[in-house]
Asks: 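One structure follows; several queries about it will come next.
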Number of protein chains: 4
Amino acid sequence: MRTDARRNREELLRAARALFVERGADVALEAVAQRAGVSIATLYRNFPDRSALVRAIVLEGIGSMDRAARRARDGLAEDPAGAWRTFVETAAGLQAGVLMPMLVPMLPDLATDPELRRARDAVVDAVRDLVAAAQRRGQVRSDVAADEILLLIMAIARPLPALPQEHVPEFIDRALAVAVAGLRPGSGPALPGRPVAMRVPGEECADRPGE
Amino acid sequence: MRTDARRNREELLRAARALFVERGADVALEAVAQRAGVSIATLYRNFPDRSALVRAIVLEGIGSMDRAARRARDGLAEDPAGAWRTFVETAAGLQAGVLMPMLVPMLPDLATDPELRRARDAVVDAVRDLVAAAQRRGQVRSDVAADEILLLIMAIARPLPALPQEHVPEFIDRALAVAVAGLRPGSGPALPGRPVAMRVPGEECADRPGE
Amino acid sequence: MRTDARRNREELLRAARALFVERGADVALEAVAQRAGVSIATLYRNFPDRSALVRAIVLEGIGSMDRAARRARDGLAEDPAGAWRTFVETAAGLQAGVLMPMLVPMLPDLATDPELRRARDAVVDAVRDLVAAAQRRGQVRSDVAADEILLLIMAIARPLPALPQEHVPEFIDRALAVAVAGLRPGSGPALPGRPVAMRVPGEECADRPGE
Amino acid sequence: MRTDARRNREELLRAARALFVERGADVALEAVAQRAGVSIATLYRNFPDRSALVRAIVLEGIGSMDRAARRARDGLAEDPAGAWRTFVETAAGLQAGVLMPMLVPMLPDLATDPELRRARDAVVDAVRDLVAAAQRRGQVRSDVAADEILLLIMAIARPLPALPQEHVPEFIDRALAVAVAGLRPGSGPALPGRPVAMRVPGEECADRPGE
DNA sequence: GATGAATGAGTGTTCATTCAT
DNA sequence: GATGAATGAACACTCATTCAT
């Protein structure tokens, strides 16, 4: 029975991740359960709340992104261009990476979640480390901040309704190549304005009144 | 009272545009009405349908984008870099331009609307013209398609939940600068794969089943 | 101006009568105004209330039925069968006759209306007179009450959704012929039970709770 | 809990049938749910649509009418008058039989439903058989069509607002007795015009524009 | 542990009625 | 006197969530 239960949980996560990406974060939970092949009540047994489901997905995604950043930083010494490029692609490929910023601010309850907080701080640190190293190695222009790179990756990797599903991966590849080129030192004039930072969940949630 | 009515209509459009951008095209219409300072029934008097509201916004946006593309093409002779950069920024600044592809495929009723169809074809042609001219003038690498540039602009200009509202314009400026740099000829290795085209509304709507 | 106003009132009544018959007594008042070629506000100037509109139609119909009953009674001496048959057909032809029972119980406010009360009493008396005379003349079996005859006519003349519009008059003619035949003295065994009376508006309205 | 659910479904059907008869097919579904003692959402769980509810009632009713017609035809040999009279009364007593023609043309979705179509064709055939047999046995005049008899029964059995609820059964009995008498061979002069047919659902729905 | 069923609260949409011009 | 516009309240339908089995 333990095995079945674990399988259910996995299926639910997989289904939720896919549907969140495909149809946005407000899919009917019933649709998630159906895609996972279980009843809606089973979903609720595993995740007492929509929040809980989102939380699990976000944690997973943060973990993967964290590992990718550390791996890339360690690889920079041997193959700077390759390691950097690989990181960008891996980050974009992580649906969870895409989902994280989409989902986190949506859920005020999660803002105070200490585990989430810790994981988030870790991944942000890891990416900052990596970007700093990449800048030292000449892969990345120095007037851009780590957060901005993450934001750009996420902007590109998020699904655009105008883009047919079957072309999504190809478009993401090509757009990321443009971004990586534009992020090279000397690829253009200095960026306007000052670096921008991501929202820290739990702080500025009040600026979306009525939501 | 004719004046008041027109003001209401304007307010409704403004509110809808803002909310569609901020929260996606499925905001509660009640929220739109509230933001415009009128009752929900007044919204329905002006726009008999959610479709009608979206349609009005999309048409507006398509028109603005069309004008921007024509203006830019005419300006390329005098100041290639400036005209191109201005177009990119104007396009990104047009929330409506951003909304067009976001909204059109979302509403099957609009797919067959002939006026919308015509306006869309016109803007796509105008942008293709512009991009071809910009490529001849050396502003844009030649292995990228016009559609992809629009998609990239849209990806960047769409609000990311992880980005605090007050930093949105600054981030968009900076990310676009990166994109424009990456789009320069010679800014990096050839793009992988083949150019990607936008969805033509009314054709592939079936690939988002259940939505 | 007085002329225009009167014309508006007439048009409104005509439109309301037609639409009540065609689509039931709960048509949108806006549809009535539109059919009459005036604005909804004009309808409300003429009839402060849905009740007022119904009241006017009912009064008109009652008057016509009253005249038909008196005319028939006076004609019985000369041509009993013809006068009786003509009354039945005239009553069925009066949309007002059809509408009266449909509309009256629907409007508790009208129950206490003295003018309506008076008109109603008059028409009931006239029909009772007529039926009594017809029974004396051998046109109508004696175990049936005047109210029942009115009810039967109304039941037959009311539009049945299953009957295509274009066959309505023919069906009514044929069904009334069956009814007239069945109402002849000696056409069949005695009727079961005891005669039934129509609802007197304002008395038993409480038996349709929740409406 | 399977038991409770079935009970709910039954209650919903019972409530809907009663309310459709009493107040027409456009009652608030909320009222149906309330009468059945369940929440509106439960109604929707059982019947995804107003159509589905109507469909269930209509199918039930068609089935009962079909059985009554077959039984009556088989009984004609032994007791022609009794079997015929019993059929007429049973048909009138079947609120569902009454509802069938009332409801079907009202819902375009149902017009093309094949199961409904088949059931309808079956009952119409059965009634035509029965009427033909009754005409051969001398119970029914030969210048009337089966459809017209059904229409007449329905016209009589539908509730008239002018008739107090408690007198409805008695009135129906008496009016049907009049009708049966009028339908006897030789009960009166030939019917005017030509026989009329019921609307075949799905064909002439267009003649009620705007409804 | 898993399920089908039930529900309260929300959203889209319509309509009777009122008001400012 | 006539109108277009505005509104509150109703109704259809959906969904997150809870409960009894």
Side-chain angles (χ1 to χ4, degrees), chain A residues 1-9 26-33 37-53, chain B residues 1-9 12 26-33 36-53, chain C residues 1-9 26-33 37-53, chain D residues 1-9 12 26-33 36-53:
Chain A
M1 269 290 167
R2 181 54 32 104
T3 308
D4 262 34
R6 194 171 309 166
R7 176 191 225 92
N8 278 350
R9 191 187 159 87
D26 47 359
V27 262
L29 290 190
E30 187 109 22
V32 173
V38 301
S39 94
I40 178 67
T42 299
L43 184 156
Y44 272 88
R45 162 164 299 277
N46 282 278
F47 305 97
D49 217 331
R50 183 180 211 104
S51 279
L53 180 55
Chain B
M1 185 156 273
R2 181 56 38 96
T3 310
D4 266 35
R6 193 172 309 166
R7 175 189 231 93
N8 277 348
R9 192 188 159 87
L12 281 166
D26 48 359
V27 262
L29 291 189
E30 189 112 17
V32 173
V38 301
S39 94
I40 178 68
T42 298
L43 185 156
Y44 273 91
R45 157 169 289 272
N46 283 279
F47 305 97
D49 219 331
R50 184 182 215 102
S51 279
L53 181 54
Chain C
M1 269 294 165
R2 180 57 29 105
T3 310
D4 262 35
R6 193 170 311 166
R7 177 191 224 93
N8 278 349
R9 192 187 158 86
D26 47 0
V27 262
L29 290 190
E30 188 109 22
V32 173
V38 300
S39 94
I40 177 70
T42 299
L43 185 156
Y44 271 89
R45 164 165 297 277
N46 281 278
F47 306 97
D49 218 329
R50 187 183 208 100
S51 278
L53 180 55
Chain D
M1 185 159 272
R2 183 54 40 95
T3 310
D4 266 34
R6 193 172 308 168
R7 175 189 231 93
N8 278 347
R9 193 187 158 86
L12 281 165
D26 47 359
V27 262
L29 291 188
E30 189 112 19
V32 173
V38 300
S39 95
I40 179 68
T42 297
L43 184 155
Y44 273 91
R45 156 168 288 272
N46 283 279
F47 305 97
D49 221 331
R50 185 183 214 98
S51 278
L53 181 54

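Chain letters run A, B, ... following the sequence lines, proteins first, then strands; residues in each count from 1.
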Asks: Rounded to whole Å, how long is the line connecting atom CZ of D:Arg9 with atom C1' of E:dA6?
Replies: 16 Å
Asks: Send over the distance from A:Leu43 CG to E:dG4 C1', rounded to a whole Å.
Replies: 15 Å
Asks: Polar atoms only, N or O, under 3.5 Å: list the protein pairs with nucleotides 12-16 of chain E and their distances.
Replies:
unit_1 : atom_1 : unit_2  : atom_2 : d
E:dG12 : OP1    : B:Arg50 : NH1    : 2.9
E:dG12 : OP2    : B:Leu29 : N      : 3.0
E:dT13 : OP2    : B:Tyr44 : OH     : 2.5
E:dT13 : O5'    : B:Tyr44 : OH     : 3.2
E:dA16 : OP1    : C:Val27 : O      : 3.2
E:dA16 : OP1    : C:Leu29 : N      : 3.4
E:dA16 : OP1    : C:Arg50 : NH1    : 3.2
E:dA16 : OP2    : C:Leu29 : N      : 2.9

Asks: Can you tell me if the side-chain N/O atoms of D:Asn8 get under 4.0 Å from OP1 or OP2 in E:dA5?
Replies: no
Asks: Applying side-chain contact (heavy atoms from CB on, under 4.5 Å), name anything that partners A:Ala41, two or more places apart in sequence or on another chain.
Replies: A:Ser39
Asks: By nearest heavy atom, map C:Val38 and B:Gly37 onto DNA chain F; which one lands nearer the 5' end?
Replies: C:Val38
Asks: OP1 or OP2 of E:dA5 less than 4.0 angstrom from a side-chain nitrogen or oxygen of D:Thr42, does that happen here?
Replies: no
Asks: Can you list everything that forms a side-chain contact (heavy atoms from CB on, under 4.5 Å) with D:Tyr44? Sequence neighbours excluded, please.
Replies: D:Leu29, D:Ile40
Asks: To the nearest 0.5 angstrom, please state how far the CG atom of A:Asn8 sits from the OG1 atom of A:Thr3.
Replies: 11.0 Å
Asks: Rounded to the nearest 0.5 Å, how far does OG1 of B:Thr42 lie from CZ of B:Arg9?
Replies: 13.0 Å
Asks: Going by heavy atoms in the side chains, are B:Arg50 and B:Leu43 under 4.5 Å from each other?
Replies: no
Asks: Between C:Arg45 and B:Asn46, which residue's closest nucleotide on DNA chain F lies nearer the 5′ terminus?
Replies: C:Arg45
Asks: Between C:Arg7 (CZ) and F:dA2 (P), how many Å, whole number?
Replies: 13 Å
Asks: Let me check I have this right: for DNA chain E, each base becomes ., (, ), [, ] or |, based on Watson-Crick or G-U pairs with both distances under 3.5 Å. What is the full string?
Replies: .||||||||||||||||||||
Asks: F:dT17 C1' sits how many Å from A:Phe47 CZ, rounded?
Replies: 16 Å
